[in-house]
There are 2 protein chains.
Amino acid sequence: MDDPSAGDRVRLIDVARRCGVTKSVVSRVLNDDPSLNVRPETRQRIRAAALELGYRAHAGARALAGAETRALALLIPDLANPVYSRIIRGAYRRAREHGYVVLLAEDTADDGADEAFADLVEAGRVDGLLIASARPGHRLLSSARLARIPHVFVNREVPGSGRNVAMELAAASATAVRYLHGMGHRRIAMVSGPADLQPARLRERGFVDAVRALGLPSELVARGEFSEQGGASAAGRLLDREPGPTAVYCSTLGQAVGALHAIRTRGLHVPADVSVVTYDDLPLAGYLDPPLTSVAMPLLELGAAAVDAVLQQLAGGPAADVAIRVPPAIVERGSVRRLP
Amino acid sequence: MDDPSAGDRVRLIDVARRCGVTKSVVSRVLNDDPSLNVRPETRQRIRAAALELGYRAHAGARALAGAETRALALLIPDLANPVYSRIIRGAYRRAREHGYVVLLAEDTADDGADEAFADLVEAGRVDGLLIASARPGHRLLSSARLARIPHVFVNREVPGSGRNVAMELAAASATAVRYLHGMGHRRIAMVSGPADLQPARLRERGFVDAVRALGLPSELVARGEFSEQGGASAAGRLLDREPGPTAVYCSTLGQAVGALHAIRTRGLHVPADVSVVTYDDLPLAGYLDPPLTSVAMPLLELGAAAVDAVLQQLAGGPAADVAIRVPPAIVERGSVRRLP
DNA sequence: CTGAAAGCGCTTACAG
DNA sequence: CTGAAAGCGCTTACAG
């Protein structure tokens, strides 16, 4: 049965026969092997035939033969947080530009997703890893397996790893603080994230440094989970202090929603009684009551840069830290009052 | 170089040698081949050795040899919508229970994600497809490729496909309508989704049928995108009618947030002037102002059932429609006023 | 410079 | 019932 229509898979040999050349040539043409020297016309003919037949290399066969799988895996801590969708989108697009697919995994504790993630690697399904999951002490991090595969940490920094792709988290907090200071606020509080999440700590550190630099009190910090619930309880604790803050800066939009709730619950109003600024700029922010002023971060760029960084490792380059230098931007919406 | 430590991959032959048996036996034991007959003790020994050596079959080699890839692909229309994270989670978990991994793709129009999705199939990366992307006329749907691979439609129905895994969308709308009717509302409006999204149409049809059955007016329907913006403008149009609705039922939480915005903008209050019920129950709903009464849907079950359905096809069973019969549930929170 | 051939790591009829 | 062997579809040194 030489008829290509017999089975439904179109193979290398099918396009080779169609063109009257050998598999080797086709493989080399399709993979842009520079050591091959054929007439441009033949090259064209082969490409056209491949397209016409709908040839697509079997990923498994290719991987088995020693080539790359052309797949990357992306580990996300929480798919319910829409912020990650922007990182994911940035990564997908850049990956596609380079002919790679991205396999997404969510790292929920109960799921053994880290195991599944490792499986992807061991099973030879992916060439590299993008790790955006943030708990230190994660099983994955201590895995000896990790050392053998190209990977980067996205939106989190593993100290000394030399493969952190990061935004300017501390600068984001400083931007928010300076903005509030410019609006006349002197008692600025922060709803921070869990102490064991490294990016949360970085944003908190940036906040503390920024208020200190301005000579403002730095003890108005409360921590909570990255959720509405976490934000509500942390903000509640801040509001109950005496004297209370005139402005609250939240670490995530979810927390900000919770903070608004806590403020309302106490019969206070935004921005009349308390001003609010949130990290994370998403459409939702513009439709809350009041619309929230926020700090927009370069999330698409982050995802794209992370892909670039693994791809560079795959190309044999050394691992390196990457800093996304797009500066955090304040999006003004009306949740901040100018104090006299 | 017979030393397994030479390369870093542990192969079938490595565990075979360790146990003094052949590759065949190991492969059969590990894949639970029922036609194999070995002493339970040997079986144990092989399993233990595989575990100890950290053996993991090369997915590519396995796929190439004709076995399954043990991977499924899931196509989602919009990762920024947190509702999908619950479907995804349900699918991931069930897949893992069966030893499958799930590759996630987002179907944004500009991305050529449908191409990427098809690639996954053609390249032999996945055994089956879960399609939750909803536009009819999607390139993927008309692809002849689709016919050759096990797949199901999740949370959308392709008429006549015989492979729809669906919740009771019409019943959800009916539940909301009957609840509002029970609270004394007679002029009930609906913020519906885009006309070309089939699940949006189903919910709208359910709404229209339900209000008609109760003898209520059925013309209070406005459509908008599944976003805050879409909800705000659709709700605005409804509120500007004369006489206006006493209650608004929204198709998604994002739209409901937009509707709240539109209501506020007009100087009205929820639930004093207008009551609101939203499809989609997420933590966010409980932290809005006021907290939104919502219709909770069995999303985890939906994701899990979709996996079951493809797996059944993979096992050689016929494709079949699946209806998730968990009834939609009203979660009362305080955005609905009882009318006298 | 190109083609024939080996080999990647599996699974599975098939022969013993 | 089990083991030896073929073969899945590629890539890539290597021989010509």
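Within every chain, numbering begins at 1; the chains are lettered A, B, ... in the order of the sequence lines, protein sequences first and strands thereafter. All values reported here derive from a predicted model rather than from experimental measurement.
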Name the residue closer to the 5' end of DNA chain D, choosing between B:Arg28 and B:Leu64 according to the nucleotide with the nearest heavy atom.
-> B:Arg28
Distance-only criterion, 3.5 Å: show the donor-acceptor pairs between side-chain atoms of residues 41-49 of chain B and protein atoms not counting sequence neighbours.
{"unit_1": "B:Arg45", "atom_1": "NH1", "unit_2": "B:Cys19", "atom_2": "O", "d": "2.9"}
{"unit_1": "B:Arg47", "atom_1": "NH2", "unit_2": "B:Asp32", "atom_2": "OD1", "d": "2.9"}

Which residues share a ring-ring contact (aromatic ring centres under 6.0 Å, His included) with A:Phe153, sequence neighbours left out | A:His151
Give DNA chain D the dot-bracket treatment, 5' to 3': Watson-Crick (N1-N3 with N6-O4 or O6-N4) or G-U (N1-O2, O6-N3) under 3.5 Å, [ ] crossing, | other strand.
-> |||.||||||||.|||
Quick one: how far along DNA chain D does chain B reach, first to last nucleotide 5' to 3', anything under 4.0 Å to a heavy atom?
-> D:dC1 to D:dG9
All pairs passing side-chain hydrogen bond (donor to acceptor under 3.5 Å, both in side chains) where residues 305-317 of chain A contributes a residue, at least two apart | A:Arg94-A:Asp308, A:Arg163-A:Gln313
Could you measure between the two C1' atoms, the one in D:dA13 and the one in C:dC10, and give it in whole Å?
-> 23 Å
Determine the contact category for B:Asn31: base if any of its heavy atoms lies under 4.0 Å from a base atom, sugar-phosphate if only primed atoms, P, OP1 or OP2 are that close, otherwise nothing.
-> sugar-phosphate
Could you check B:Arg39 against A:Lys23 and say which one's nearest nucleotide on DNA chain D is further toward the 5' end?
-> B:Arg39
Taking all heavy atoms of A:Asp107 and all of A:Ser133, pick out the closest pair and write down the distance.
-> OD2-OG, 2.6 Å
Minimum heavy-atom separation for A:Val165 to A:Leu302, with atom names?
-> O-CD1, 3.6 Å
Let me have the donor-acceptor pairs involving side chains of residues 71-82 of chain A, under 3.5 Å, with sequence neighbours excluded, atom names and distances please.
{"unit_1": "A:Asp78", "atom_1": "OD1", "unit_2": "A:Ala80", "atom_2": "N", "d": "2.9"}
{"unit_1": "A:Asp78", "atom_1": "OD1", "unit_2": "B:Arg89", "atom_2": "NH2", "d": "3.4"}
{"unit_1": "A:Asn81", "atom_1": "OD1", "unit_2": "A:Val83", "atom_2": "N", "d": "3.0"}

Distance-only donor-acceptor check, side chains A:Glu122 and B:Tyr55, under 3.5 Å = no
Starting from the C-alpha separation in whole Å, work towards a yes-or-no answer on side-chain contact (heavy atoms from CB on, under 4.5 Å) for B:Ile131 and B:Val152.
-> CA-CA 6 Å; B:Ile131 304 171; B:Val152 294; over 6 Å; no
With a non-hydrogen cut-off below 4.0 angstrom, is B:Val25 in contact with a base, only sugar-phosphate, or nothing?
-> sugar-phosphate
